[in-house]
Amino acid sequence: MNLGNKKPGKRPLYVYYIIAAVVIFLLNFLVLPSIQEGSIITTDYSTFLSNVERGNVSEATVDGDYIYYQASQDGREVQCKTVAMDDPNLVERLRQAGVKMSETAPERQSIILTLILSYLIPIAIFILLGRWLSKKMMSSMGDAPGGMMSFGKSNAKVYVKSTSGIKFSDVAGEDEAKELLTEIVDYLHNPHKYAEIGASMPKGALLVGPPGTGKTLLAKAVAGEAEVPFFSISGSEFVEMFVGMGAAKVRDLFKQANDKAPCIVFIDEIDTIGKKRDGAGFTGGNDEREQTLNQLLTEMDGFDGSKGVVILAATNRPDSLDPALLRPGRFDRRIPVELPDLQGREEILKVHAKKIKIADSVRFDEIAKAAAGASGAELANIVNEAALRAVRDGRKFATQADFEESIEVVIAGYQKKNRVLSNKEKLIVSYHEIGHALVAAKQTDSAPVHKITIIPRTSGALGYTMQVDEKEHFLMSKEELENKIATFTGGRAAEELIFHTITTGASNDIEQATKIARAMISRYGMSDEFDMVAMENVTNQYLGGDASLACSFETQTILDKKVVDLVSTQHQKALKILQDNIGKLHELAKYLYEHETITGEEFMRILETPEGEIG
Ligand code: ADP
Ligand code: MG
Ligand code: ZN
């Protein structure tokens with residue numbers, strides 16, 4: 001929870017300026033003239049003359065266009081003024097009437113007052129207003145991240161135990177990561193226990209793993225479990241418009257943390273600021289990021305580990321981090337947060353299924369099996385999709401079928417019932433998909449199919465074959481990989497065999513097959529030529545993996561040739577398998593064409609009955 005609460009109804013700056021302007025306007029036009037002239041009666045020239053003749057005027061002063069004079073009216077002296085006329089006899093007249101002609105106007109002393117009112121008071125008002133505004137802004141710096149003066153202030157949110165709500169029990173699987181983090185929490189609670197032996201906690205721990213595996217969730221759980229302040233900030237929040245501001249934010253964050261120790265600082269997506277620095281620095285455009293990173297390194301060094309400030313960070317691109325960040329004394333503990341295994345997936349599904357109503361018959365182990373390779377975030381999504389589907393169909397509970405459908409939705413996109421394939425297309429897709437499945441089933445080590453469908457998906461796939469491994473694999477043999485390639489080529493092979501032509505439907509298969517074949521040769525050392533020499537280096541392993549070539553141009557040519565050989569050998573193998581089972585191919589494709597979906601059991605039943613027994 002965000003502790004710094006915003007003051008409600010804060011008005012924008014310009015409102016104050018408008019108020020000031022209006023006040024000054026009023027002063028000038030209403031108050032000042034009346035103070036200056038309120039006691040002066042304006043008379044016309046003839047009144048002035050008659051007053052002079054009657055001897056009522058005792059004193060007169062000519063001041064530019066005006067004549068100021070003092071006249072006695074009803075026994076009272078009043079200040080009057082009149083417009084001076086071009087009157088050559090005026091002086092003579094005044095002299096005759098015995099009027100005292102003074103040099104200065106009787107009200108001259110009020111000029112000082114005028115000066116004060118029209119210059120000094122507005123200036124004073126401005127100064128006071130300015131001081132008040134700046135004071136207001138100073139005080140609002142803490143809780144207004146976007147405020148004018150808040151550059152350089154970190155907007156780290158402070159979490160406290162009771163408000164975060166997320167506990168380690170909300171994070172399923174990831175036992176290793178939880179164990180390592182529990183130790184840190186324990187250290188913050190009982191530092192003396194560790195001090196007795198002389199052990200000191202690592203200053204920083206880095207959570208690394210693919211997106212959606214629960215890194216941010218784990219950090220929040222730490223916040224929920226630890227009874228110490230928890231500062232959370234995302235790396236991108238350090239990226240500022242002005243050079244030096246990011247660094248200032250880092251400074252501020254660590255200053256706050258030092259004041260609140262023992263506490264935990266969590267920097268999410270640290271790769272935004274922690275990227276490797278350029279060696280040469282030709283670009284010059286990375287000054288800001290580099291300064292921020294340098295500041296972070298400095299702050300981490302300057303930390304007294306025994307004070308009890310632990311820095312957690314998360315990234316899915318550990319290989320892009322600056323090595324200086326990873327050296328001992330900084331993020332020296334690495335906590336892997338990997339994709340969940342079969343059991344982990346089941347647990348994650350169960351954690352999220354607690355939030356929805358499900359039928360008793362739902363078998364989570366089956367769903368977990370079918371969702372191989374899904375991340376925690378995808379599994380959470382699968383559960384939610386299942387609930388949505390149940391609502392859409394007007395049911396009160398999510399059923400097994402809902403879950404199975406939602407796996408397909410999350411993995412392959414929504415069913416697109418209104419996209420109609422022509423009959424010819426439907427037939428081709430049927431043969432294509434059965435081609436994959438048949439090749440897979442006929443190869444000993446290949447996983448049996450789970451479900452085949454030719455209902456188009458929003459993702460663009462026209463049909464799709466879902467394979468489910470019975471057991472989880474951690475190692476893949478060369479043969480298994482080859483079989484996989486053969487399975488990918490099976491779709492195209494069926495098209496060739498039956499229609500004697502080829503379509504664009506195999507583009508994804510081609511991509512997959514090439515990827516596997518290339519990796520086998522360049523990375524897994526599965527060719528005679530290259531033995532155990534890596535031809536490619538993989539970066540970004542958690543984000544799909546970009547391979548960069550690490551071999552000479554000549555070797556690259558050979559490598560490409562080997563990849564082509566490997567794929568085409570498997571393609572021939574697939575063609576042969578289909579040729580040998582052409583009766584089954586026809587039978588299964590016809591069934592799929594008619595039913596649009598075929599389950600693993602139906603498929604195996606048809607495959608295992610001798611030909612001709614099923615109609
Ligand atoms: P990351 O930060 O690793 O990219 P997140 O922590 O943001 O991933 O995870 C996104 C969502 O996925 C979480 O909010 C949670 O609902 C779900 N999730 C991910 N991993 C798990 C897990 N191990 N247990 C339960 N839920 C998980
Ligand atoms: Mg995250
Ligand atoms: Zn295909």
Side-chain angles (χ1 to χ4, degrees), residues 165-178 181 206-223 232-236 266-272 312-318 335-341 343-355 368 374-384 410 412 428-440 449 452-454 457 460-467 484-495 502-513 542-543 571 574:
I166 296 169
K167 294 279 157 119
F168 277 142
S169 56
D170 293 310
V171 188
E174 309 298 352
D175 295 326
E176 197 188 338
K178 275 197 272 187
L181 289 169
L206 187 65
L207 296 160
V208 295
T213 44
K215 297 183 294 299
T216 309
L217 190 72
L218 271 166
K220 284 187 186 155
V222 171
S232 164
I233 191 164
S234 167
S236 61
F266 174 54
I267 306 174
D268 207 353
E269 317 281 350
I270 195 172
D271 43 284
T272 349
L312 287 183
T315 181
N316 41 37
R317 311 185 51 188
I335 303 181
V337 187
E338 298 289 349
L339 286 174
D341 57 10
Q343 202 192 335
R345 288 198 299 274
E346 192 177 331
E347 282 169 26
I348 295 175
L349 283 169
K350 281 181 180 160
V351 163
H352 287 277
K354 275 192 204 129
K355 298 171 202 155
S375 68
E378 278 166 327
L379 292 167
N381 197 4
I382 285 171
V383 173
N384 192 47
V410 171
I428 295 176
V429 175
S430 301
Y431 273 98
H432 178 108
E433 296 303 332
I434 294 295
H436 286 306
L438 200 54
V439 172
V449 292
I452 310 167
T453 169
I454 54 167
R457 302 272 145 181
L462 293 179
Y464 115 103
T465 304
M466 198 161 132
Q467 280 188 303
K484 255 189 130 125
I485 298 175
T487 303
F488 278 121
T489 60
R492 163 67 62 88
E495 289 179 38
I502 51 182
T503 68
T504 55
S507 64
N508 186 44
D509 302 336
I510 292 170
E511 209 175 288
Q512 299 284 340
Y542 290 129
L543 300 174
H571 189 175

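Every heavy atom of this structure was used, including side-chain atoms; hydrogens, water molecules and symmetry mates were not. Position 1 is the first residue of the sequence; numbering continues from there. Every number for a ligand or one of its atoms is a count from 1 in the order of the listing.
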Closest protein heavy atom (residue, atom, distance) for [atom]:
atom	answer
atom 14 (O) of ligand 1	L217 CD1, 4.1 Å
atom 18 (N) of ligand 1	G376 C, 3.6 Å
atom 12 (O) of ligand 1	A377 CA, 3.1 Å

Report, in ascending order of atom number, the atoms of ligand 1 lying under 4.0 Å from any heavy atom of [X].
X	result
T216	2 (O), 6 (O), 7 (O)
P211	4 (O)
G214	1 (P), 3 (O), 5 (P), 6 (O), 8 (O), 9 (O), 19 (C), 20 (N)

Flag the pair L181 / L312 as yes when at least one side-chain heavy-atom distance between them is below 4.5 Å, and no otherwise.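 Counting from C-beta outward, L181 and L312 do come under 4.5 Å.
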Does I382 reach the side chain of H352, with side-chain heavy atoms less than 4.5 Å apart?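 Of all side-chain heavy-atom pairs linking H352 with I382, none is under 4.5 Å.
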N, O or S from T216 under 2.8 Å to the Mg ion (ligand 2):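 Within the cut-off used here (under 2.8 Å), T216 does place an N, O or S atom near the Mg ion (ligand 2).
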Touching ligand 1 at all, D170? Heavy atoms, strictly under 4.0 Å?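 D170: in contact with ligand 1 (<4.0 Å).
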Of all the atoms in E433, is at least one N, O or S atom closer to the Zn ion (ligand 3) than 2.8 Å?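 For E433, the answer is no, given that no N, O or S atom comes within less than 2.8 Å of the Zn ion (ligand 3).
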When T213 is tested against each of N316, V337, I348 for side-chain contact (heavy atoms from CB on, under 4.5 Å), which residue passes?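 Per the side-chain contact (heavy atoms from CB on, under 4.5 Å) rule, the option paired with T213 is V337, out of N316, V337, I348.
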Taking S236 as the fixed residue, which of T272, D271, D268 is the one that meets the side-chain contact (heavy atoms from CB on, under 4.5 Å) rule?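 Of T272, D271, D268, side-chain contact (heavy atoms from CB on, under 4.5 Å) with S236 is met by T272 alone.
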Rounded at 0.5 Å granularity, tell me how far [atom1] in [X] sits from [atom2] in [Y].
X	Y	atom1	atom2	result
L438	T487	CG	OG1	10.5 Å
F168	K178	CZ	NZ	8.0 Å
L339	E174	CG	CD	8.5 Å

For ligand 1, which is the ligand I care about here, please tell me if V351 has any N or O atom under 3.5 Å from one of the ligand's N or O atoms.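 No, V351 has no N/O under 3.5 Å of an N/O on ligand 1.
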N or O pair under 3.5 Å between V171 and ligand 1: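 No; the residue has no nitrogen or oxygen that sits under 3.5 Å from a nitrogen or oxygen of the ligand.
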Please compare A172, A314, G212 and report which has the shortest non-hydrogen distance to atom 4 (O) of ligand 1.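 Nearest heavy atom to atom 4 (O) of ligand 1 lies in G212.
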Only heavy atoms count here, so choose which of E378, H352, R345 is nearest to atom 16 (O) of ligand 1.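 That would be H352.
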So which heavy atom on A313 is nearest to which on I270, and how close?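 Heavy atoms only, the tightest pair is CB-CD1, 3.7 Å.
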Please assess I452 against H436 for the test side chain to side chain contact (heavy atoms under 4.5 Å, CB included), listing each intermediate value before the final yes or no. CA-CA 10 Å; I452 310 167; H436 286 306; over 6 Å; no
Ligand 1-proximal atoms of T213, by part, heavy-atom distance under 4.0 Å: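 The part of T213 near ligand 1 is both the backbone and the side chain.
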Which bit of D268 gets closer than 4.0 Å to ligand 1, counting heavy atoms only: side chain, backbone, both or neither?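 Within the 4.0 Å criterion, D268 makes no contact with ligand 1.
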Where the Zn ion (ligand 3) is the centre, what is the OD1-to-NE2 angle for D509 and H436, rounded to 10°?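 Roughly 90°, rounded to 10°.
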Can you list the steps and then say if D509 with H432 is a side chain to side chain contact (heavy atoms under 4.5 Å, CB included)? CA-CA 11 Å; D509 302 336; H432 178 108; 3.0 Å; yes
